[in-house]
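By convention in this document, chain letters (A, B, ...) are assigned in the order of the sequence lines, proteins followed by strands, and residues within each chain are numbered from 1. Side-chain atoms are counted along with the backbone in the values below, which use heavy atoms only and exclude waters and symmetry mates.
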Protein chains: 2
Amino acid sequence: MSDNFFGEPDAAGPKRKRGLGVVTAYSTLKREILELKIPPGSLIDEVKLTERFGMSRTPIREALVKLASDGLVVTLPNRSTVVAPIDFFELPQFFDALTLMYRVTTRLAAANRTDEEIAAIRALQAEYAVAVAAKDVSAMIEVNRDFHAEIARAGKNRYYCDLFERLLDEGRRLLRLYYSSFNYELPRIYLDEHEEIVAAIEAQDVDRADRVAEAHADQIVRQIQAYVVTDRRINTGLPLRGNARPSGAASKER
Amino acid sequence: MSDNFFGEPDAAGPKRKRGLGVVTAYSTLKREILELKIPPGSLIDEVKLTERFGMSRTPIREALVKLASDGLVVTLPNRSTVVAPIDFFELPQFFDALTLMYRVTTRLAAANRTDEEIAAIRALQAEYAVAVAAKDVSAMIEVNRDFHAEIARAGKNRYYCDLFERLLDEGRRLLRLYYSSFNYELPRIYLDEHEEIVAAIEAQDVDRADRVAEAHADQIVRQIQAYVVTDRRINTGLPLRGNARPSGAASKER
DNA sequence: TGTATATTTACTGTCGACAAAGAATGTTTT
DNA sequence: AAAACATTCTTTGTCGACAGTAAATATACA
């Protein structure tokens, strides 16, 4: 909703409902980190957030602790906390886990779905189609995440849901990194693959769900890999600019 | 180390090193929750912890936020926080995820292990053998967890490690629940299975690692299931005592 | 001028206190 | 006596302030 990061205070309300402080700071910061409004590697200044949200440092800190548990920020002891950098050397691990979770959650959804859940999944698939038609990349990224998260929820395994949502969120950051170089051909492929996934889940065909989910995961992994390679060629010339590592964004203070 | 829960203060030191407050409270409470020294469903009193650890409420609260992120405590808004109850209805989900993580981490370990990691794993296996010989159930539970966590670490996938450790910890609580009805025949079976797992990892045989890991997981799942069924027959007579649900322990204040 | 040391600065970790929300208790009314 | 209401009490969420730590800056020394 709010576009400001270093801008004017969010919570103009004179008094917030007791207990909403942490939730507000947490959800707002989480959204902004995942949407790259706060770039990876940024220093997080507690006092600035204090002024921005109009609350004390205590709820801000508790929100940061939660974000640290989610892996979205990293806390240096007695030093500032920074937004978790995107580590390209961890990408293979990420792809492996993402693919496995795609498969497992889709399998479970095929096994355990109810009719209501199929309806909810279909609704999100329709939303995704709208985003593709409108070429709204941002909406595509968000709805795609919600689509798969809904499938996972239909699988009804809390442990898989938690890990999968974490992976999907990390994927959101990656996709947004390559926002500009987005290929408008792929979303249509995804649309078809989504359709197959929904069909397999509706038919309660576990093996088929597994296959199409894996194919879909491969597709997405290849897309991101292509982006990374492309980006490396264009921007990340190590010897040309003296950067040691293409891991996190540099600080920008001073 | 410390056996007290409502006992004397832990941190008798006049001044703690700056920054250790949260870590102390977090790790201590986590250990006590996992060892069932603080039973599931217990109310957590912040002020009592304040007195016990000799620190302010702020670090205590931050520790509780972390524990909540780990799923070890549940926070009721504007109400007290309680130690996460053990939900028997979620057991099938737990077993499913646990089995998958056993397989995946062992596979990855077989693929990515170094010689040093094999040595570390073997050392823990030896420790386990000692615990079995001594019939030290508590040590068996702890070392078994460390053994598999070390294997996962050799697999070098952060996402799997995090989820697996969470599952292993939850398993610790379950096993301790049935501490008394422990069957001394099983640990020897586990010992042999561990041996096979280590051999497969050392031989870098991924498929074999997968098979033995799955067999081991099945064994453990069956053990816990047997315990649960047994326990239900003995203790959990719903209509006999008027309890609504066998989920969490009742409060004991007042 | 370059290096080592002292000082300042900025920010974090912690503390004690206050106020709101809910639970427990007491009171009034029918 | 039971129910509705008011009051007290306990506990949480939040606040402002202080002290310690590490970086940044200034100073001394070779």
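- Distance from the side chain of R57(B) is smallest for dT14(D) among the nucleotides dT12(C), dC15(C), dT14(D).
- K30(B) places no side-chain N or O within donor-acceptor distance of the main-chain N or O of T28(B), the cut-off being under 3.5 Å.
- Using a 4.0 Å heavy-atom criterion, one finds that I44(B) contacts the sugar-phosphate atoms exclusively.
- If you measure from atom CG of L43(B) to atom P of dG22(C), you get 17 Å, rounded to the nearest angstrom.
- A salt bridge links R176(B) to E142(B): at least one charged side-chain nitrogen sits closer than 4.0 Å to a carboxylate oxygen.
- Among the atoms of the strands shown, none is found under 4.0 Å from any heavy atom of L64(A).
- Mapped onto DNA chain C by nearest heavy atom, N78(B) and T75(A) fall at different nucleotides, with T75(A) at the one closer to the 5' end.
- Atom pair E46(B):CD and dC15(C):C1' shows a separation of 15 Å (rounding to whole Å applied).
- In DNA chain C, the stems built from three or more successive Watson-Crick or G-U pairs (distances below 3.5 Å) are C:1-30 with D:1-30.
- Without hydrogens or angle criteria, Q93(A) side chain to E90(A) main chain gives no donor-acceptor distance under 3.5 Å.
- Of the two residues near DNA chain D, T58(A) and R18(B), the one whose nearest nucleotide lies more 5' is T58(A).
- Phosphate proximity of dT11(D) to R79(B): absent, as no side-chain N or O sits under 4.0 Å from OP1 or OP2.
- Counting non-hydrogen atoms under 4.0 angstrom, V47(B) reaches nothing in the nucleic acid.
- Rounded to whole Å, the distance from CD on E62(B) to P on dT14(C) is 7 Å.
- One can place CG of L76(A) at 10 Å from P of dA23(D), the figure rounded to the nearest angstrom.
- Taking the side chain of K17(A) as heavy atoms from C-beta on, and the options dT12(C), dA21(C), dG16(D), the nearest nucleotide is dA21(C).
- Between R166(A) and D169(A) there is no salt bridge, since no side-chain nitrogen of the basic residue lies less than 4.0 Å from a carboxylate oxygen of the acidic one.
- Looking at heavy atoms from C-beta onward, L163(B) lies out of side-chain contact with Y159(B) at the 4.5 angstrom threshold.
- When distances run from any side-chain atom of D45(A) to the nucleotides dC15(C), dC11(C), dT12(D), the shortest one goes to dC11(C).
- Here the side chain of K66(B) pairs no donor or acceptor atom with the backbone of Y26(B) at under 3.5 angstrom.
- Closest approach to the P59(A) side chain among dC15(D), dT12(D), dC15(C) is made by dC15(D) (side chain taken as heavy atoms from C-beta onward).
- L20(B) comes within contact range of the sugar-phosphate backbone alone, with a heavy-atom separation under 4.0 Å but no base atom that close.
- Judged purely by atom type and a 3.5 angstrom limit, S80(A) has no side-chain atom pairing as donor or acceptor with the backbone of L76(A).
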